[in-house]
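Throughout, a chain's letter reflects where its sequence line sits, starting with A, and its residues are numbered from 1.
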Number of protein chains: 2
Amino acid sequence: MTITDGLGRRPGGRSARVRAAVRAATLSELAEKGYAALTVDGVAARSGVHKTTVYRRWGGVEGLIADALEMASEEPWPIPDTGSAEEDLRALTRLVVTGFTDPDDGPVSAAFIAAAMQDSAAAVALAGFFASRHEQAARIVTRAVARGELPAGTDPAEVVRAAVAPIYYRLFVSREPVDAAVADRAANAALAAARAGALG
Amino acid sequence: MTITDGLGRRPGGRSARVRAAVRAATLSELAEKGYAALTVDGVAARSGVHKTTVYRRWGGVEGLIADALEMASEEPWPIPDTGSAEEDLRALTRLVVTGFTDPDDGPVSAAFIAAAMQDSAAAVALAGFFASRHEQAARIVTRAVARGELPAGTDPAEVVRAAVAPIYYRLFVSREPVDAAVADRAANAALAAARAGALG
DNA sequence: ATCCTAACGCAACACAAGTTGCGATAAGTC
DNA sequence: GACTTATCGCAACTTGTGTTGCGTTAGGAT
């Protein structure tokens, strides 16, 4: 299950090509067929890399997800900066909604959540991913506090959590439909709670 | 994957015993080993029912979960009624937290969420389960509105969602630790948002 | 240019998951 | 009590997943 993450003794050349091919194949397979249908044989066939190699370097399906997740957490998130906390939070929650309703990215994002349910390595990778996301999105709140829109002592990450949590809750827990209106309501509720000083 | 849910042509006698034995074995296996280790062979061996029978009636692991979930959604939820919305919501969120941190019930509850990620039948069953939960917990809010604690026009289910969502978010999405303090903060934030009229 | 060996490809294997055909058992009906 | 058939137990089979041993290829160092 340990991934020789490019820091192995031979990071360049063929090994790098193999890794890139497998990563790309994993994302393609996830986008097309979803997590439930993701198999090692599938990504091996698509990537042109042999099945045994994938098992050896990634350990299995969960390892593939963890690797793709690590890659995803490295790329930055386009955090909005409109000048008002209300607009910023709405844009943020809408970004989350579209990230899961998009026919291409949606299945991939959902796969990350699903994989973490079954494998501890994927769970750790997911925790890192969201820690990065919270850190990036916290700037929305710190700016709002600096402008005086929100009370001093407000916990930035907690506002972000309150804003996005209802969306994830509907998507993966209560299994209710999600759209832009849901995003706006979640953003407004988080903002109202923060203004009341309930998120300090 | 279709479960002959006691409404089959022979609901009594042996069939009923088989179903009860399999259901009990499923819950025991989940509590002990968790969802990742739940196998049809395992519940078959524990229940004394043959593997083939389980496959025929439940279809597989996901069917077992869906059946157990259906059973769980029938039994009522001890909704608190302390006289104040603040206390009620706090008790509710703490109930959710203990439901997942309890070493016996926790793995079972988590298994329901995990199963819905992979199987559509389990997803439908989970949606029904939470619809029932929302309906029951909504009374906390309707009572609070009747008492004048919360503004008229407040959406009861939306308050419940806002209160419990951060807990599920931490447990299954951002993978952050959860305790009673988290429960209290989530309840307070939902209450503040509702008082501000952001959950109408 | 040559050597060393990490990393890969390949085939065969081991194991668990799920299926099928058939005979045996016991509900439900008369 | 006798009959019909839904349901279950059983064993053999098929399929998919993951493993192992070994030969081959190609980085990286000298």
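At a cut-off of 3.5 Å, with distance as the only test, a side-chain donor of B/S174 or B/E176 sits close to an acceptor on the other residue. In this model, a donor atom of one side chain and an acceptor atom of the other lie less than 3.5 Å apart for A/S132 and A/Q136.
Distance CG (A/D41) to C1' (D/dT19): 13 Å, rounded to an integer number of Å. In this entry the distance linking CZ of A/R57 with P of C/dA6 reads 15 Å, nearest Å. Between the P atom of C/dG18 and the CD atom of B/E62 lies a distance of 8 Å, rounded to the nearest Å. For the pair B/H50 NE2 and C/dT25 C1', the computed distance is 15 Å after rounding to whole Å. Rounded to a whole Å, the CH2 atom of A/W58 is 11 Å from the C1' atom of C/dA7. Here C/dT25 presents its C1' atom at 11 Å from CZ of B/R17, a figure rounded to the nearest Å.
At a cut-off of 3.5 angstrom, the base of C/dG18 holds no donor-acceptor pair with the side chain of B/R56. The base of D/dG18 lies close enough to the side chain of A/K51 for a donor and an acceptor atom to sit less than 3.5 Å apart. Put simply, the side chain of A/T52 and the base of C/dA7 share no donor and acceptor less than 3.5 Å apart.
Where B/T53 and A/L38 each meet DNA chain D at their nearest nucleotide, the meeting point lying more 5' is that of B/T53.
For the pair A/F112 and A/Y35, the minimum side-chain heavy-atom distance is 4.5 Å or more.
Aromatic pair B/F172/A/Y169: ring centres not closer than 6.0 Å.
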